[in-house]
Protein chains: 4
Amino acid sequence: MININERSSSPIYEQIIQGMKELVLKGVLQNGEKLPSVREMSSTLLVNPNTVSKAYQELERQGVIETLRGKGTFVCTGGAPVLSDETLHRLKSSLKQVVLDASYAGVSAEQLKQWIDSYLKELRSGTNA
Amino acid sequence: MININERSSSPIYEQIIQGMKELVLKGVLQNGEKLPSVREMSSTLLVNPNTVSKAYQELERQGVIETLRGKGTFVCTGGAPVLSDETLHRLKSSLKQVVLDASYAGVSAEQLKQWIDSYLKELRSGTNA
Amino acid sequence: MININERSSSPIYEQIIQGMKELVLKGVLQNGEKLPSVREMSSTLLVNPNTVSKAYQELERQGVIETLRGKGTFVCTGGAPVLSDETLHRLKSSLKQVVLDASYAGVSAEQLKQWIDSYLKELRSGTNA
Amino acid sequence: MININERSSSPIYEQIIQGMKELVLKGVLQNGEKLPSVREMSSTLLVNPNTVSKAYQELERQGVIETLRGKGTFVCTGGAPVLSDETLHRLKSSLKQVVLDASYAGVSAEQLKQWIDSYLKELRSGTNA
DNA sequence: GTGGTCTAGACCACG
DNA sequence: GTGGTCTAGACCACT
C-alpha cells in the first residue's frame with residue numbers, strides 16, 4: 001500500500017510516515033486497527049526492520065499510532081491536534097518554498113490551489129492518485 | 001537582505017538560494033545586476049564561504065544567475081521557465097506533503113490558499129513579511 | 001482492585017506487582033490470606049495468564065507471597081525487610097532519576113516531599129487516591 | 001564524566017541522557033557550550049556511535065541540547081519547562097513506585113526526603129556523589 | 001570535521 | 001509472536 005522511492009531525497013522512514021498518515025486520513029486504516037508488524041512491513045517494503053521501527057516510533061511520538069507491549073502497533077487518531085505556533089510557522093515556511101519554486105517554474109497560484117483541492121478530494125474519497 | 005536561521009531544518013545553502021530567488025522576484029535584484037562576491041556574501045551572512053559557493057553554483061545550475069569569469073556573478077532572469085515533468089512532479093509532491101501536514105495540524109484548505117495569496121502579494125509588492 | 005493500564009510505560013506484570021504490594025500495605029490483603037488463582041486473576045484483569053504468573057513468581061521471590069503446592073497462593077508479610085546494599089542502591093538511583101526529572105520539569109523538592117507524605121497517608125488509611 | 005553501567009536495567013542511551021542532564025544541571029556543561037561529538041563520545045564511553053546519537057537526538061527533542069548542521073551539538077538550556085499534566089502524572093507515578101519499594105525495604109519517608117535534599121545539594125554544588 | 005540515514009544481524013523483555 | 005536495544009560498518013549531506 002505504501003510506495004517507497006529509494007531515489008527520493010526524503011529518507012525512507014519519512015516516506016513510510018507520510019504513507020501511513022495518508023492511509024489513516026483516507027480511512028484505509030481505521031482507528032484502533034492493528035498495523036502490520038515491523039517485521040511484516042519491512043519484508044513487504046523490502047526495507048530494513050530498523051527503518052520501519054524508526055518510522056513507527058516517530059508516528060507514535062506524533063500521536064498517530066500507539067504501541068501495546070507484546071501485542072503490536074495500532075492506529076490511534078487521537079483528539080484535537082495541537083496547533084502550536086511552531087507548527088504553523090513550519091507549515092507556512094514549507095508552503096512559501098513551494099510557492100517560490102512554483103513561481104520560477106511558471107506554475108500559477110490557481111494551479112496550486114487546484115492541486116490542493118484535488119489532493120484533499122483524493123484523501124476524502126480514499127482513492128489513490 | 002537575506003535572513004539565515006542556523007536552527008532551521010533546511011540547510012543554510014538552501015536558505016541562501018531561497019533568499020536570492022525572493023530578492024529577484026521582488027525586483028530588489030534586477031536582471032543583469034552584479035551580485036556580491038562569495039567572499040563578501042559569506043562575511044555579510046556570517047556563513048562559511050563554501051556554503052555560499054554551493055548556493056551560487058546551484059543558482060547558476062537553475063539559470064537564476066550566471067558567472068562571467070573574472071567579472072563576477074550576475075542576475076540572469078532568463079527566458080521561459082523550464083516546465084519539465086520532473087519539476088512538476090517534485091512541486092506536486094512537496095505540495096502534497098504540506099497539505100498532508102496541514103490536515104493533521106487542523107489547518108484548512110482555505111487557510112492554505114490564503115497563505116499562498118498573501119505570500120504572492122508580498123513578492124509582487126517587493127516588501128518583507 | 002488492581003488497575004491495569006495497557007498504555008503505561010511500565011510492563012503489565014510490574015503493575016500487578018505494584019498493585020498487590022499496595023493492597024498488602026493498605027491491609028486490604030491480610031497476612032495469610034489466600035490470593036485469587038492465576039487463572040482467576042487473569043480473567044479478572046483481562047490479562048494474559050503468563051503475565052499474572054510472572055508477577056506471582058516475582059512477588060514470591062520478593063517474599064511478599066508464598067505458594068503452597070496444591071493449596072494456593074498466600075500473602076506472607078514475613079519478617080524483617082531485607083536491607084541489602086544493592087536494594088538501597090537501586091532505591092537511591094530511582095529516586096535520583098525522579099529528582100532529576102523533577103528538576104527539569106520545574107517541580108520543587110517541597111512538592112516531591114509533599115507527594116511522598118500524601119502517598120504514604122493514602123497507604124496507611126487504606127483508601128484509593 | 002559519564003558512567004555507563006552495562007549491567008544496568010536501563011538502556012545505555014538513557015544513562016547517557018541522564019548523565020548529560022546531570023552535567024548540565026551541575027553547570028559542568030554551560031549554556032551554549034559545545035558537546036563532544038558523537039564519535040568522540042562513543043569512543044570515550046566505549047559505546048557504539050549510534051547509541052550516542054540516539055541519546056543526543058532524544059536530548060534535542062527534550063530541548064536540552066540543539067544540533068547545528070555540520071557544526072556539532074550544543075547545550076541549550078531553553079526557556080521555561082513545559083509542565084504538562086502528563087509529565088506531572090509520570091513523575092508522581094515514578095515517585096509512588098519508589099515510595100512503595102522503600103516501604104517494603106524498611107526505608108522511612110524521612111530517609112527518602114534526606115536523599116532528595118542531599119542529591120539536590122550535590123547538583124547545585126556541581127560535585128560528584 | 002559534523003550529524004543523519006540505512007543495512008545486517010544479534011539479543012532481550014514482554015505477553 | 002511483538003517491539004526495543006545494541007553493535008558494526010557503510011554512505012551521504014552539510015559546513
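Quantities reported herein were computed from a predicted structural model and do not represent experimental measurements. Throughout, a chain's letter reflects where its sequence line sits, starting with A, and its residues are numbered from 1.
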Examine the side chains of Glu22(C) and Tyr119(C) and answer whether a donor and an acceptor come within less than 3.5 Å of each other. yes

From [atom1] of [X] over to [atom2] of [N], roughly how many Å is that when rounded to an integer?
{"X": "Lys34(D)", "N": "dT15(F)", "atom1": "NZ", "atom2": "C1'", "result": "12 Å"}
{"X": "Ile17(C)", "N": "dA13(E)", "atom1": "CD1", "atom2": "P", "result": "14 Å"}
{"X": "Leu45(D)", "N": "dC6(F)", "atom1": "CG", "atom2": "P", "result": "12 Å"}
{"X": "Ile12(A)", "N": "dC12(F)", "atom1": "CD1", "atom2": "P", "result": "14 Å"}
{"X": "Lys71(D)", "N": "dA13(F)", "atom1": "NZ", "atom2": "C1'", "result": "16 Å"}
{"X": "Phe74(D)", "N": "dT15(F)", "atom1": "CZ", "atom2": "P", "result": "13 Å"}
{"X": "Arg69(A)", "N": "dG4(F)", "atom1": "CZ", "atom2": "C1'", "result": "11 Å"}
{"X": "Ile16(D)", "N": "dT5(F)", "atom1": "CD1", "atom2": "P", "result": "13 Å"}

Per [X] side chain, nearest of listed nucleotides [options]:
{"X": "Asn48(A)", "options": "dG3(E), dA8(E), dT7(F)", "result": "dA8(E)"}
{"X": "Lys54(A)", "options": "dG3(E), dT2(F), dT5(E)", "result": "dT5(E)"}
{"X": "Glu40(D)", "options": "dT2(E), dG15(E), dT5(F)", "result": "dT2(E)"}
{"X": "Ser53(A)", "options": "dG15(E), dG4(E), dG4(F)", "result": "dG4(F)"}
{"X": "Pro11(C)", "options": "dT5(E), dC14(E), dC6(F)", "result": "dC14(E)"}
{"X": "Thr51(B)", "options": "dT15(F), dT2(F), dG15(E)", "result": "dT15(F)"}
{"X": "Tyr56(A)", "options": "dT2(E), dG15(E), dG3(F)", "result": "dG3(F)"}
{"X": "Thr67(A)", "options": "dG15(E), dG4(F), dT7(E)", "result": "dG4(F)"}

Below 4.0 angstrom from OP1 or OP2 of dC14(F), is there any side-chain N or O of Tyr13(B)?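 For dC14(F), OP1/OP2 do have a side-chain N/O of Tyr13(B) under 4.0 Å.
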
Side-chain N or O of Gln57(A) less than 4.0 angstrom from OP1 or OP2 on dG4(F)?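 Indeed, a polar side-chain atom of Gln57(A) lies that close.
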
Is there, by distance only and without an angle test, a donor paired with an acceptor across the side chain of Arg39(A) and the base of dG3(F) below 3.5 Å?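 Side chain to base: pair found, below 3.5 Å.
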
Carboxylate-amine/guanidinium contact Glu58(B) Lys54(B), below 4.0 Å: no

Does CG belonging to Asn3(C) count more than 12 external heavy atoms closer than 6.0 Å?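 For Asn3(C), atom CG is not crowded (no more than 12 foreign heavy atoms under 6.0 Å).
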
More than 12 heavy atoms of other residues, nucleotides or ligands under 6.0 Å from NZ of Lys92(D): yes or no? no

Judged by nearest nucleotide, the residue sitting upstream toward the 5' end of DNA chain F, Leu46(D) or Glu14(B), is Leu46(D)

Taking any heavy-atom pair under 4.0 Å as a contact, classify Leu68(A): base, sugar-phosphate, or nothing. nothing

Base, sugar-phosphate, or nothing for Asn50(C), non-hydrogen atoms under 4.0 angstrom?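 Nothing, no heavy atom under 4.0 Å.
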
Hey, does the side chain of Ser42(D) reach the backbone of Arg39(D) with a donor-acceptor pair shorter than 3.5 angstrom?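 Pair found, side chain donor or acceptor close to backbone of Arg39(D).
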
pair Gln15(D)-Ser8(D): side-chain heavy atoms closer than 4.5 Å: yes

Could you please name the partner base of dG4(E), counting Watson-Crick and G-U wobble pairs only when both distances are under 3.5 Å? dC11(F)

Tell me which of Gly70(A) and Gly72(D) sits closer to the 5' end of DNA chain E, going by the nucleotide each one is nearest to. Gly72(D)

